[in-house]
Structure formats: structure tokens, C-alpha cells
2 protein chains.
Amino acid sequence: MSLEHDLQQEKFSSVHNKAAVNILYTSSWLYNLNASRLKDYDITPEQFNVLRILRGSHPKPLMLADIALRMIDKNSNATRLVEKLRQKGFLKREICEENRRQVDIIITDKGLNVLKRIDSDEAEWLAKLKTITKAEAQELNRILDKLRG
Amino acid sequence: MSLEHDLQQEKFSSVHNKAAVNILYTSSWLYNLNASRLKDYDITPEQFNVLRILRGSHPKPLMLADIALRMIDKNSNATRLVEKLRQKGFLKREICEENRRQVDIIITDKGLNVLKRIDSDEAEWLAKLKTITKAEAQELNRILDKLRG
DNA sequence: CGCAAATGTTTGTAGCTACAACTATTGTCT
DNA sequence: AGACAATAGTTGTAGCTACAAACATTTGCG
């Protein structure tokens with residue numbers, strides 16, 4: 001559906017400005033879609049993102065700064081996100097003995113399991129994104145990467 | 001810069017998934033860029049968005065629900081955003097006499113002025129988006145609209 | 001060695017958001 | 001007219017985020 005219709009706005013000052021609004025609006029739409037599918041698993045998109053990052057490096061631990069670097073939204077507070085996930089038993093934290101300033105963070109079996117359960121809905125999730133073709137998705141990725149410079 | 005580099009992640013499970021992450025990440029990047037330019041005017045991106053919506057209908061008032069409908073992030077609380085802007089003197093609220101359930105909201109001269117001042121930086125802002133061509137911006141808009149279905 | 005700078009993380013606090021419950025007003029149906 | 005639903009907006013509250021300041025540990029250097 002056109003952005004003009006969705007936001008009830010008939011004109012934008014420029015194509016570039018419209019693109020900026022479109023990205024923000026589509027992102028919000030996507031975020032809400034993602035949040036609602038994750039709600040069944042009692043996990044937020046930010047928490048899901050952290051767990052996926054940890055699975056990516058498993059069984060090697062990551063320190064907090066590594067996680068923060070890889071997070072989609074750099075503003076979220078990694079310390080408190082990790083603590084929430086620890087309380088749920090999805091990861092464990094250990095003070096690193098080689099460098100006692102840093103904390104080694106490792107996903108637990110329980111964490112891997114919840115990701116596996118979420119993966120089982122992956123097809124359904126992907127279907128929602130398949131309104132665009134693979135070629136369009138590739139082009140989208142190219143343009144977004146170029147935009148960020 | 002490539003998403004893989006930015007998020008230090010070497011592979012995505014599919015192009016579509018990568019596109020979803022790319023939209024969320026680029027949106028966060030854009031949001032922060034926008035927030036930092038608006039900081040000089042002591043206004044948040046959400047508040048700026050509301051003011052632009054009101055300017056779009058000026059001098060016709062909008063009711064709260066109209067604003068909420070046009071907002072980029074539908075989750076933000078329109079009541080409290082409007083109240084913040086009223087406290088700053090950027091808009092006024094009047095109970096509509098034809099239908100006393102609704103509130104007529106109108107941007108003030110002070111509100112129009114702050115928008116005008118922000119507009120004067122518009123070129124600098126647009127320049128940050130001009131890493132992509134006009135054709136690419138158009139294609140981006142087309143693909144994002146198609147994605148939302 | 002001793003001390004300042006750098007690194008890695010935590011925490012305090014004000015402000016913002018999400019969700020649901022609530023109030024007030026108008027519309028509809030018999 | 002009276003009752004119930006629909007519409008418009010507000011508010012309570014728990015939780016989350018932003019930003020800066022604090023803390024702990026290690027590194028570099030005179």
C-alpha cells in the first residue's frame with residue numbers, strides 16, 4: 001500500500017524525504033509484526049536479537065561490548081537486556097578470568113531451545129516478507145547499504 | 001557500508017531476512033541522525049512529526065485521532081505528545097463544540113516558526129540522504145510499499 | 001613502581017512507551 | 001425516553017531507553 005495512503009499525506013517535499021519517512025514507517029511496521037510473533041515466546045525483539053547474536057558465536061562466549069556492537073539498535077542497553085535474559089535462564093554470565101573487567105556471556109541450552117522453537121515458525125514469518133521477490137530484496141539491501149554510505 | 005560489516009555478522013539465513021534486519025538497522029541509523037539534528041531545536045523526532053502533520057492541515061484543525069492515524073510510529077501516545085507540544089506553545093487545543101468528545105488541535109505561529117527554522121537546515125539534511133540517486137530513492141519507495149503489501 | 005589514561009561494564013535518574021482500564025459524549029435501537 | 005454500543009480521548013502503571021556519571025580493572029609510561 002502506498003505511503004501516501006497509509007499516512008494520509010498527499011505529497012512529500014522530495015523523493016529522498018519520502019524515502020526516509022518510508023524507511024522509518026516500514027521499520028515500525030516490521031518491528032510490530034516481529035514483536036507480535038515473539039510475544040508467544042515471552043521475548044521482545046531486542047532480546048531475540050541478542051539471543052541470535054549469541055547463537056552465532058556459540059559455543060564461544062561474547063563479551064558485552066561484542067553484543068552491543070552487533071545489535072540492530074545500538075541504543076538499547078546491553079547490560080540490562082542481558083540481565084533480563086539471564087533471569088529467564090536463556091544465557092549465563094561469567095567474569096572472564098584473563099581480563100576481569102569483562103564478562104563472558106554464553107547462551108544456555110534453554111536459550112538455544114527457545115530459538116529452535118521460534119525457528120519452527122520461520123516459514124510463516126518469511127511468508128510475510130515474500131510480497132517482494134528475491135531480486136527486489138537484493139536491490140533493497142543494496143540501496144539501503146548505499147544510503148548509509 | 002555493508003550490513004554484514006556493520007553488524008559483524010557473516011551470513012543471513014535468507015535475503016528476505018537480511019532485508020528485514022537491514023530496514024530495522026537503517027531505520028535506527030536514520031532515526032538517530034534525525035534526532036541529533038532536531039536536538040538543537042529541543043524537539044524529538046516524534047514531536048517534529050506531529051508538528052509537520054499539523055502544518056499539513058493548517059489552518060484546518062485536526063483531532064487527536066487524525067494525528068494518530070498519520071503518525072509514523074502508531075505506538076507513540078498522541079495525547080501526551082500533543083500535551084508536550086502545547087506546553088512548549090507550539091500548538092493549541094480546543095474542545096470541539098459540534099462534538100464535545102473531540103479536541104481540535106491547531107499549530108500556533110510559534111510552532112510554524114520552529115518548523116521554518118528547521119526547514120532552513122533542510123538542504124544539509126537532504127545532503128545526508130543523497131548518497132543514493134533519485135532513481136534509487138524511487139525504487140526504494142516502490143519496494144518498501146510493495147513489502148507492506 | 002606509581003599514577004594517569006584506557007577499557008569494560010554498571011547504575012541513577014528522568015523521561016518515554018505499551019497496554020489496558022477508565023471517563024465522557026454521542027449514536028442507535030426498540 | 002432508556003439502555004447499550006460506539007466513538008474520542010485520558011490516565012495509571014510497569015517496564016524500557018537515553019544520557020551521563022560512576023566503578024573496577026588493566027595498560028602504558030615517566
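Proteins get letters first, then strands, A, B, ... in listed order; numbering begins at 1 in each.
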Side chain to side chain donor-acceptor pair (under 3.5 Å) against A/Q87, all qualifying residues, sequence neighbours excluded: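 Applying side chain to side chain donor-acceptor pair (under 3.5 Å) to A/Q87 gives A/E83.
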
Just to verify, what does A/R101 make a side chain to side chain donor-acceptor pair (under 3.5 Å) with, not counting sequence neighbours?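 By the side chain to side chain donor-acceptor pair (under 3.5 Å) rule, A/R101 matches A/N99.
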
On DNA chain C, check which nucleotide each of A/Y31 and A/I105 is closest to and give me the residue with the more 5' one.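 Here A/I105 is the residue nearer the 5' end.
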
A/V103 or A/N32: which one's nearest nucleotide on DNA chain C is closer to the 5' end?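 This one resolves to A/V103.
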
Of the residues in residues 78-88 of chain B, which ones touch DNA chain D at a heavy-atom distance under 4.0 Å?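 Listed by number, they are B/T79, B/R80.
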
Suppose we screen for salt bridge (charged side-chain N to carboxylate O under 4.0 Å, His left out). Which residues come up paired with [X], at least two apart in sequence or across chains?
X: B/R55; value: B/D119
X: A/D6; value: B/R148
X: A/K146; value: B/E136

With sequence neighbours excluded, residues passing side-chain contact (heavy atoms from CB on, under 4.5 Å) with A/A68: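 Partners of A/A68 under the side-chain contact (heavy atoms from CB on, under 4.5 Å) test: A/A78.
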
Clusters formed by hydrophobic residues whose side-chain heavy atoms approach within less than 4.5 Å: which one holds [X], and what are its other members?
X: B/L69; value: none
X: B/I67; value: B/L38, B/Y41, B/I43, B/F48, B/V50, B/L51, B/I53, B/L54, B/L62, B/L64, B/M71, B/L81, B/V82, B/L85, B/F90, B/L91, B/V103, B/I105, B/I107, B/L112, B/V114, B/L115, B/I118
X: A/V15; value: none

Taking any atom closer than 4.0 angstrom to a non-hydrogen atom of chain A, what span of DNA chain C does the protein reach, first nucleotide to last?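 Range of nucleotides touched by chain A: C/dA6 to C/dC19.
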
Nucleotide-resolved protein contact map, nucleotides 21-29 of chain D, B/S/- at heavy-atom distance under 4.0 Å: ---BBS---

Between B/K88 and B/Q47, is any side-chain donor less than 3.5 angstrom from a side-chain acceptor?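 Yes, because at least one side-chain N or O of B/K88 sits under 3.5 Å from a partner of the opposite role on B/Q47.
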
